[in-house]
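Computed from heavy atoms alone, side chains included, the values below leave out hydrogens, waters and symmetry copies. From a predicted model like this one, the values you see are computed outputs, not experimental measurements. Lettering follows sequence order; numbering is per chain, from 1.
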4 protein chains.
Amino acid sequence: MDRTDPEGAIAAAAARVSNWGRWGAVDVLGTLNFLDDAARLAGAATIRRGTAISLSQAFGGDGPQKGWRRRINPLHVMMDSGTDSAFGVQGFPHGAGGADDMITMPLQCSTQWDGLGHIFDHAVAWNGRKAPEVVDGMGDHVTGIQTVGARMAGRGVLLDVGRALGTDGELPDGFAITAEHLAATIQAQGESAHVRRGDIVMVRTGQLARVRRGLAAGAGWGDYAGGPAPGLSFTTADWLHGSEIAGLATDTWGFEVRPNEFDEAFQPLHQVVIPHIGLFLGEMWDLEELAADCAATGQWDSFLVAAPLMVTEAVGAPLHPVAIR
Amino acid sequence: MDRTDPEGAIAAAAARVSNWGRWGAVDVLGTLNFLDDAARLAGAATIRRGTAISLSQAFGGDGPQKGWRRRINPLHVMMDSGTDSAFGVQGFPHGAGGADDMITMPLQCSTQWDGLGHIFDHAVAWNGRKAPEVVDGMGDHVTGIQTVGARMAGRGVLLDVGRALGTDGELPDGFAITAEHLAATIQAQGESAHVRRGDIVMVRTGQLARVRRGLAAGAGWGDYAGGPAPGLSFTTADWLHGSEIAGLATDTWGFEVRPNEFDEAFQPLHQVVIPHIGLFLGEMWDLEELAADCAATGQWDSFLVAAPLMVTEAVGAPLHPVAIR
Amino acid sequence: MDRTDPEGAIAAAAARVSNWGRWGAVDVLGTLNFLDDAARLAGAATIRRGTAISLSQAFGGDGPQKGWRRRINPLHVMMDSGTDSAFGVQGFPHGAGGADDMITMPLQCSTQWDGLGHIFDHAVAWNGRKAPEVVDGMGDHVTGIQTVGARMAGRGVLLDVGRALGTDGELPDGFAITAEHLAATIQAQGESAHVRRGDIVMVRTGQLARVRRGLAAGAGWGDYAGGPAPGLSFTTADWLHGSEIAGLATDTWGFEVRPNEFDEAFQPLHQVVIPHIGLFLGEMWDLEELAADCAATGQWDSFLVAAPLMVTEAVGAPLHPVAIR
Amino acid sequence: MDRTDPEGAIAAAAARVSNWGRWGAVDVLGTLNFLDDAARLAGAATIRRGTAISLSQAFGGDGPQKGWRRRINPLHVMMDSGTDSAFGVQGFPHGAGGADDMITMPLQCSTQWDGLGHIFDHAVAWNGRKAPEVVDGMGDHVTGIQTVGARMAGRGVLLDVGRALGTDGELPDGFAITAEHLAATIQAQGESAHVRRGDIVMVRTGQLARVRRGLAAGAGWGDYAGGPAPGLSFTTADWLHGSEIAGLATDTWGFEVRPNEFDEAFQPLHQVVIPHIGLFLGEMWDLEELAADCAATGQWDSFLVAAPLMVTEAVGAPLHPVAIR
């Protein structure tokens, strides 16, 4: 890999892994096409105990965002409250009272899916469409996240690379996870970790656990949002394509390793993976409880239900992913 | 039922159905306590084909809200777009570009769960707590919706009262669904519609189908948000308590019949059900596709995954409920 | 005027009235260049009694907006309140308590100035700049409204065309105000209504008074936001240029007559006036109290202070214009 | 002053300076009653050159707020842009195009007036009203900032205490400005700085100049929002009352000295001044350019026009204050 030529590397990778046209010219689902009912049924077949594990971080004011490109933390405000109710100022009869609230938030502020309109390569979006014809100032008129619907439910495989290859369960910031690392993790975890067509893969780096220790110690979120982080190597583009997975989520802000592996770059793997492979990326997922349960039971696959909030024409959406085990 | 005395009727019903203290003084889960792993496993056991059906309405600007108590429709705005990307004004290297967006919305604007801090009876909240000690202007410090976590996944039973008892599959506005109507619907639907402890029950009235015809005809949403609607009768409080269900969702704005069944009232059944039973109510769910599938297959139960978005200290939250069949 | 050729008419008018380059290539102030200290001093010299009259409509939820292009009415929400204070939940010592609030609003939702980056002609902005180089998804990087600073204070002349030429003080919707109508109004009002270089002209049509009667009668705002309205004729472009005024404000949503005077058009006068003349347009001003005072005193000029809220890189801004008399 | 007894000191000061009932039981204007047409005319009489000086800080994302009690910096987002216009995706005819934007902001995020409903003393608001009857979760139903209207225009006197008594024009953080300091400043500045009934007084501490040097040096805003600052001493309550001024504004976040002058306190002077005197407080004003002009000319009074944005039922509001000289 030539560190000085991200543009060339991106072009070469894109040529190798492109799924453009694979599901027709009008396709808006990309790798979700791999997640059919049979794959989903296989996911459901992993359920053993009926336990539900949350994979969501919080949506609150104390989040990691620092305002980069105006991405703030969620602003949650009450419109009616118990204090108002107690003072009888709400105007309802017979002792009725209530509380109501609202939120203002970037759709990528916490646990989320990147939609297929989130990233472009030279102003070209998924399936070869011109970016401005897909997403203008009014929204994503083609691949809006609502097109995902309920499809994002299937077999979820946790690859706990932090546990398999890290120190005390964590990879250091800047650690680039390669296809070999993924293979070694699968090998270490065993049969239930084998990745199949249509799976949703979750890669745990351990960074969130490390950041949480800092939070508990009063150090704040630090640079979790956009700073150095372990993550997928640019070289995994072929694995991400060849594995025919439906989606991939991590416990980090940005899915791929940071600093990126070129001298001057910004999320080059995104630029291959979203517009060319049509892969859905999940970011800022909380994989801690799931990882502990997987390690304790030796079962690394779950039934994962991860439908995004149905925001019309959004280029991504928050969600509450749940692993059923 | 004395139409002139909602306050007396509410007090009497509350006395009969109260779950206060049932799960200890510190409980924040209410009827979610019924939904244990065994119940969830029974829900998962209903999966046959691996089909995922969305039960979510859209979150967009063309929604039903009309500003009552400042409840507006979601305001979705782009922060970066494909047009910006194409003009190269985003400042990213090597042809990278992206789109980003944000939303401003009341948490009860579309498909949602009411949390246990949403409704009070004479300024008393779930489990007997004083409302102002639970929810003030900063949020719900006790029963915030994030306490639900991933628990809201289990056996979901659709009771299509509209189909069983209505005309052309729909109940008229103002139709009060009684316990007898629920029983008749279960009877008509058969074994798979029997309601068990820990279930999440979905009641389809057909109102949403009717409103959608109006929308398609250009008539707009009309009074879907707060106007006349079919819904649960105040008299179902005992059924809702005795059935030991974990939650109940409808395809209407407000769950209970409107106009309410007292001369002067505002959602009296809410006032019993949320603070006294500790029951989770889902509103504005889209049950149309599920209903069609249930009718076609004769199977009325599904595995329902319905975890709310994890908004910290919110009194309710939007979600994308998914039925797996 | 050829009703079938707005594009030709716009091009011809633009050629006649263009101020491009008049104040140099880097100019961002347009017609505000006419409003120098001498003009402002002449404005101040009109002050007689020390009376201050508000020219602002309200910024509240009950406004005229109907969501066109996502323009909603202001959403004002409390973050702290007197009820919270009274319950002692705010955590302040020695009996301190407070209320705090926030707003979410389109910048053009109520009384406002259009900035010079608000309207383009064939994607060209004021002074001949390419629109995407002026305003992208991050804001107006050249003519942001904060560049106006405090300059917008000077002699304000009210031309009450509704009173001079209308029935019961109001022009009917669709009435196109021509240069002749302006001249007749000035003639009727007398010496103090003569328009001079650097003035800010206010044109009262009377539409707001009519709409307010509807509001008082429970009819709502009707189509005030974007519907038929009296307003400036397309043919006034030359007058707006030749008069060398600094700005012009009306009591209507959109300044120019609606329906527009071409078979198929959208605010064609804006397209000439903002990008080519560089003129600041004020909309949704409340000129009722001022008009009554002018009529009672026979003095039609005031000292007008109308600085926009300093929103960084905005293409317009709300304000509270005040006439001092 | 007993540093250990803020509650006692507040009660004593409140008893001395109370204006409750002075303008009748229904009064909502407080000290604005002092600012009559005669006082305003006297203000206008100070105009010499016609120069307009902005006293507003910016409303943008790079502001001083750090999220205290959810006070964020303004979030300004485009709804339409020049890039969209250039791509012809806006749907307008004949080459028309435009840009539009919105803002989400706490009303106290930048240059603002505190309204009379902003601060309570033991849950009692201006004129002796019970706080929850004035401001609930729906807004300030009594003293909403819109009641100020256009009245806030008059003689503005700058007291540049930083210049008169500080080092290099700045008071250090924690410097408590007393009545004696104010008198000394007036004395130093001369006749045009004499404060009269109905004046709006501006006190420059120089803190903003110091913070701006930090900003220019890349140090960020530091603790400008809520940290240590020079400001009015608690002991000035009597001066603020006896001077019969209409309002007072500073170049700091919080008007009074910080840390406050009691061992444990939160803005004790606010607690006297707003609910008991009924005085309007301006905060985060930019007095730098005005101060330079005053020093250069030796004239310390201006015509100050400072009408708040007319946000319905708000407890304060942003504004663009302008000094005309």
Check: Who wins among C:R70, C:M102, C:R69, C:M78 for the most heavy-atom pairs under 4.5 Å with chain A?
Finding: C:R70
Next item on the list: Dump the intermediate steps for side-chain contact (heavy atoms from CB on, under 4.5 Å) on C:T83 and A:Q90, then the final yes or no.
Entry: CA-CA 11 Å; C:T83 54; A:Q90 297 183 322; over 6 Å; no
Next item on the list: Under 4.5 Å heavy-atom distance to chain C, tell me which part of A:M138 shows up: side chain, backbone, both or neither.
Entry: both
Margin query: I'd like to know whether CG of C:D62 has more than 12 heavy-atom contacts from other residues, nucleotides or ligands below 6.0 angstrom.
Written below: no
